[in-house]
Peer 1: 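Quick one: structure below, then a few questions.
Just so you know, residue 1 is the first one in the sequence shown, and it goes up from there.
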Amino acid sequence: MKKKIVSVILCICMLGSLTACQKASEQADKGADKGAAASGNGESFTPTAEMLETLPEEVIGEKNEFEGMKIALSQRNIAGSEWYEQLVNVAKKEAEHIGVELTVYDGEDDITKQMSDIETAVNMQMDAIVVNPKDSSGLLPAIEKVHAAGIPLTVVNSAMSEEGSPFTFVSADVENSGYQGGFELAKAFDEKYGWKDSVKALVLSAAAQEQESDLRRWGQINGYNDYMLEKYGKSNLDIVAYQYYNWQPEPAMTVTMDVLQANPDLDIIFSACDGGAQGVVSALKSAGKLGDILVTSIDARKSVLKWIQDGDKGVVATVSNDPRIMGKWAVYLAAQKASGVTTPARFNVPNNCYTVKNVKDVYDPDSAY
């Protein structure tokens, strides 16, 4: 991005408050968490303004600040996803700068493999473990082993069930992200077409029974409905199709084309991420409907920002969900936690909404993402 990121929302709930999610006896049974045990010195992490203002690919910590520390990153998937690749790349960059030996495990979109990867990291006696979970509750048996070994846990991007507490969660407020995008979609449709009694919609939700995907969908639909309710006192949203695409462009393109064949009068599309939006745009181009059907998304990739700026693809809004910021903060907070510092229960990265009105402020053709 051209400008420094200056708005970071921090929900500072210290590890002590996490006991509300589990009984004291249950925490004790999990073993002595390294970060929690060492936090008896009263030290807790508070980011400086300089840290919060770093550009997405700028490092946060000091050179060799945690030299010799070993951290594992269990990534749900890497191949085929620019988003995941960027998260891992900048996590590695931060780790190298602060002196951390980072071991990256690729779960290959297989929950069984990701569970095995986490158990391997436990057996390797890592100082800390970072997990981007494929399933919010399916990994709990492996997470129990992390806690039993007394290894501090950081979760990044995708939500983990509270049953896996304690952990620090590094992500964006994705329900709010969805809400912003949905609201702007309704506004853009209203400004272009005015009131219609029925606005036919395709909802592209990324993954079945995944909390991250659900929150985005709920936010998008609520945002759309709120705009219409506030202006007209009623909503015209008519969801004619609901499909999954597993966070990948190709499946998104395929399901969009199928829905368009069954619903040639489709009006709008909610996409859970910009990877899905890329598939949507390809499908709309093939169907000759670019610019007619309006789209909202989440991620703020530079390619999608360019589409919004050009105004010819029908994409009217995307919300920042930067993997580079998440990757570096996940590693840095994991290192802090492993060193005995109490870290926030949740750390939210910026989720600014971009439309034609403000996209010129952030679009950078030379950005890596």
Peer 1: Only one of Phe45, Phe167, Phe169, Trp329 clears ring pair (Phe, Tyr, Trp, His ring centres under 6.0 Å) with Phe347; which?
Peer 2: Trp329

Peer 1: Side-chain contact, heavy-atom cut-off 4.5 Å: Met253 with Val280?
Peer 2: no

Peer 1: Just to verify, what does Glu85 make a salt bridge (Lys or Arg N to Asp or Glu O under 4.0 Å) with, not counting sequence neighbours?
Peer 2: none

Peer 1: I'd like to know whether CD of Glu230 has more than 12 heavy-atom contacts from other residues, nucleotides or ligands below 6.0 angstrom.
Peer 2: yes

Peer 1: Strictly by side chain to side chain donor-acceptor pair (under 3.5 Å), give each pair with a member in residues 214-229 just once, sequence neighbours left out.
Peer 2: Tyr179-Asp226, Asp190-Tyr227, Ser205-Arg217, Glu212-Arg216, Asp214-Arg217, Arg217-Tyr242, Tyr224-Asn236, Asn225-Ser235

Peer 1: Can you tell me if Glu108 uses its side chain to pair, donor with acceptor, with the backbone of Asp110 under 3.5 Å?
Peer 2: no

Peer 1: The criterion is salt bridge (Lys or Arg N to Asp or Glu O under 4.0 Å); which residues satisfy it with Lys302, sequence neighbours excluded?
Peer 2: none

Peer 1: Indicate the atoms forming the closest heavy-atom contact of Glu94 with Glu58, along with that distance.
Peer 2: OE1-O, 4.5 Å

Peer 1: Enumerate the salt bridge (Lys or Arg N to Asp or Glu O under 4.0 Å) contacts for residues 267-294, please, sequence neighbours excluded, ordered by first and then second residue.
Peer 2: Lys196-Asp267

Peer 1: In terms of side-chain geometry, is the basic nitrogen of Glu184 or Lys357 positioned less than 4.0 Å from the acidic oxygen of its partner?
Peer 2: no

Peer 1: Apply salt bridge (Lys or Arg N to Asp or Glu O under 4.0 Å) to Asp312 and list each qualifying residue two or more places apart in sequence or on a separate chain.
Peer 2: none

Peer 1: Do the non-hydrogen side-chain atoms of Phe66 and Glu101 ever get within less than 4.5 Å of each other?
Peer 2: no

Peer 1: State whether the number of non-hydrogen atoms from other residues, nucleotides or ligands found under 6.0 Å of Glu191 atom CD is greater than 12.
Peer 2: yes

Peer 1: Which heavy atom in Ile98 sits nearest to a heavy atom in Gly61, and how many Å separate them?
Peer 2: CG2-CA, 3.8 Å

Peer 1: Could you work out, with side-chain hydrogen bond (donor to acceptor under 3.5 Å, both in side chains) as the rule, every residue matching Glu57, not counting sequence neighbours?
Peer 2: Arg324

Peer 1: Do the side chains of Val316 and Ile308 get nearer than 4.5 Å, heavy atoms only?
Peer 2: no

Peer 1: Sequence neighbours left out, what pairs pass salt bridge (Lys or Arg N to Asp or Glu O under 4.0 Å) with at least one residue falling in residues 63-75?
Peer 2: none

Peer 1: Not counting sequence neighbours, which residues clear side-chain hydrogen bond (donor to acceptor under 3.5 Å, both in side chains) with Glu175? List them please.
Peer 2: none

Peer 1: Identify, with sequence neighbours excluded, every residue that meets salt bridge (Lys or Arg N to Asp or Glu O under 4.0 Å) alongside Asp310.
Peer 2: Lys306

Peer 1: Please determine, by modelled atom types, if Asp173 and Asn351 share a side-chain donor-acceptor pair under 3.5 angstrom.
Peer 2: no

Peer 1: Of Ile111, Leu139, Asn77, which meets side chain to side chain contact (heavy atoms under 4.5 Å, CB included) against Lys134?
Peer 2: Ile111

Peer 1: Of Val131, Val349, Asn132, which meets side chain to side chain contact (heavy atoms under 4.5 Å, CB included) against Asn157?
Peer 2: Asn132

Peer 1: Taking C-beta and beyond as the side chain, do Leu260 and Leu284 meet within less than 4.5 Å on heavy atoms?
Peer 2: yes

Peer 1: Search all heavy atoms of Ala338 against all heavy atoms of Ala128 and return the closest pair with its distance.
Peer 2: CB-CB, 3.9 Å

Peer 1: Mind checking what makes side-chain hydrogen bond (donor to acceptor under 3.5 Å, both in side chains) contact with Lys92, not counting sequence neighbours?
Peer 2: none

Peer 1: State, with a plain yes or no, whether a side-chain heavy atom of Gln336 is found less than 4.5 Å away from one of Ser339.
Peer 2: yes

Peer 1: Of all residues at least two apart in sequence or in a different chain, which pass the side-chain hydrogen bond (donor to acceptor under 3.5 Å, both in side chains) check with Lys145?
Peer 2: Glu119

Peer 1: What's the separation between atom CG in Asn352 and atom CG in Asn321, rounded to the nearest 0.5 Å?
Peer 2: 11.5 Å

Peer 1: Taking only residues two or more places apart in sequence, or in another chain, which ones meet Met124 in a side chain to side chain contact (heavy atoms under 4.5 Å, CB included)?
Peer 2: Tyr105, Thr120, Met126

